[in-house]
**Student:** 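What follows is a structure written as structure tokens; I'll ask about it next.
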There are 2 protein chains.
Amino acid sequence: MQNDPRFDSDIPQPDTHLCHQQSGMSISRVDFTDRSTIIPVMNTSVDTKQRIIDSAQELIYARSYTDVGVQEICNRAGVKKGSFYHFFPSKRDLTLAVLDQLEQFFRDSVQDNAFSSDRSPLERIDRLIELIYEFQRQTREDSGQILGCPFGNLAGEMSTQDEQIRQRVMHIFRGIEARIAESLEDAIATGELADINVQASAEAIFAYIEGIVLIAKARNDPEVIRKLGKAVRGLMVPATMVKE
Amino acid sequence: MQNDPRFDSDIPQPDTHLCHQQSGMSISRVDFTDRSTIIPVMNTSVDTKQRIIDSAQELIYARSYTDVGVQEICNRAGVKKGSFYHFFPSKRDLTLAVLDQLEQFFRDSVQDNAFSSDRSPLERIDRLIELIYEFQRQTREDSGQILGCPFGNLAGEMSTQDEQIRQRVMHIFRGIEARIAESLEDAIATGELADINVQASAEAIFAYIEGIVLIAKARNDPEVIRKLGKAVRGLMVPATMVKE
DNA sequence: CGGGTAGTAGACCGGTCAGTTAAATTTGGG
DNA sequence: CCCAAATTTAACTGACCGGTCTACTACCCG
């Protein structure tokens, strides 16, 4: 273990241990002028493929798909480029793997928390926005910047560039909309909500969330999410044009 | 004119004439596999600086800031790189000029149309969404793809990357919100709308628009804007917590 | 012990990146 | 017509791009 060649390579060793599942989204404070030292290299104890995914996830989320190179992902993961292309046929395929992991992370950390049944159906949507706010506030505190929605970022950058990535993101969007729709169904069932167009309302609510997160990123201010999030209940789409 | 060296260079000549002010946003049909021939080179009759701005605007809007290189912008404009750096100190400064032009374009073609006083204040907001829908539908028809909001795209990609660009986009956002806020004020004045929190409502409406345009881009379907746009009137934020 | 295989290393491919430099050319005013 | 300023040209820098290739190591199974 001591003579592991990785330990005396020229790659700086990690000063933080980032578990890919929980804290894999955190990065260090950003310095616009020197991006090479923004994010420390990772711990090398996790298996190589996972380290590559984690490295890519953090770098691409903090910057963008196009701005981050394969070489930089490898450096951060403490892996040589040959190994990278042993595990992934292309940068795009790596990104699809990153999207899988991010979707899982979002389900485990955000959705399962927000949509737990210890809240009334409509409170779950408020809770979803609160959790997103808290997440963005935390990354802003850690890195000095709001990084926005990792799916929305890729949708905006890559939808015109890579059809597979676009479809993967679209599919993730559908899944989130479906969870919101479930809550709306429940709200109608419990009488918390009048009869509405569930599908259209869920899509509108999700679009609004993506919008406020993007505005928050543009202003670099997480409070936008909290403030504008309060208006989300207005987005219920009536089932008919008849007003009661 | 015949012996203009540009006419026997290896740069393919334009087959369309793109005026920078009106039709400068249109591009040809996209082919994911061969991006070098997506967009034809421009007419060389306009002055160089303007051609560079137009070329950059179209390329960056269709793809992304990072993905488009200075060389490609120059090729499309029929200009050598040295000329580029005669007019612009950097790629970023060119992008700021592009943002200026896009803001002007949006004001002239969208805002001034939507917010004209021949409609009731609230209808102006519906009209704004209609115009955005129509614009996105048109680019989808022309290029095969929804390109989304040029400001939102740059906000998502560049907010963490370039502070000047982030602030420029944020300022443009503020301007649009202000126009929406004006309409809401008018709506209250004419009695079309009950008393609401104008500023918060304007911000919520704008965030929602950005959100639905982003979702439309992710689905590559302009109809999303039309469909979800109908729910925008629900986003008025009550002035107080008191319900009447 | 032999041999197959998963994983790793590092050089290498053609091409592009943003930006620089210096010289040549065009332009417009006196 | 001449000169100077504005503009354009083309070669160039050093770094980096995504991806390929071959050789080598480490480990597992028989």
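Letters go in sequence order (proteins before strands), and every chain restarts at 1. For the numbers below, each heavy atom of this structure counts, side chains included, while hydrogens, waters and symmetry mates do not. None of the values given here were measured: they were computed from a predicted structure.
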**Student:** Report yes or no: is the cationic atom of A:K227 (NZ for Lys, CZ for Arg) closer than 6.0 Å to the six-membered ring centre of A:Y133, at no more than 45° off its axis?
**Tutor:** no
**Student:** I need the CZ-P distance between B:F88 and D:dA6, as an integer number of Å.
**Tutor:** 17 Å
**Student:** Between P on D:dG19 and CD on A:E72, what's the gap in Å once rounded to a whole number?
**Tutor:** 16 Å
**Student:** Sequence neighbours excluded, which residues qualify as side-chain hydrogen bond (donor to acceptor under 3.5 Å, both in side chains) partners of B:T66?
**Tutor:** B:E157
**Student:** Return yes if a side-chain donor-acceptor contact under 3.5 Å exists between A:D100 and A:Q104, otherwise no.
**Tutor:** no
**Student:** Round to the nearest Å and state the distance from B:K80 atom NZ to D:dC12 atom P.
**Tutor:** 16 Å
**Student:** Could you give the NZ-to-C1' distance, from B:K49 to D:dT8, as a whole number of Å?
**Tutor:** 16 Å
**Student:** Under a 4.0 Å threshold between the charged nitrogen and the carboxylate oxygen, would A:E177 count as salt-bridged to B:R219?
**Tutor:** yes
**Student:** Send over the distance from B:R63 CZ to C:dC17 C1', rounded to a whole Å.
**Tutor:** 14 Å
**Student:** Using the side-chain heavy atoms of B:F87, tell me which of these nucleotides is nearest: C:dT8, D:dT8, C:dG10.
**Tutor:** D:dT8
**Student:** Do B:K217 side-chain atoms and A:G156 backbone N/O form a donor-acceptor pair below 3.5 Å?
**Tutor:** yes
**Student:** Rounding to an integer number of Å, can you tell me how far B:N75 CG sits from C:dG15 P?
**Tutor:** 15 Å
**Student:** With the side chain of B:H86 defined as its heavy atoms from C-beta on, choose the nearest nucleotide among D:dA6, D:dA10, C:dA9.
**Tutor:** D:dA6
**Student:** Passes side-chain hydrogen bond (donor to acceptor under 3.5 Å, both in side chains), B:Q101 versus B:D54? Steps please.
**Tutor:** CA-CA 9 Å; B:Q101 176 162 302; B:D54 292 348; 2.8 Å; yes
**Student:** Are there any protein N/O atoms within less than 3.5 Å of an N/O atom in nucleotides 19-25 of chain C, and if so, which ones and at what distance?
**Tutor:**
| unit_1 | atom_1 | unit_2 | atom_2 | d |
| --- | --- | --- | --- | --- |
| C:dG19 | OP2 | B:Y85 | OH | 3.1 |
| C:dG19 | OP2 | B:K91 | N | 3.0 |
| C:dG19 | N7 | B:K81 | NZ | 3.3 |
| C:dG19 | O6 | B:K81 | NZ | 3.0 |

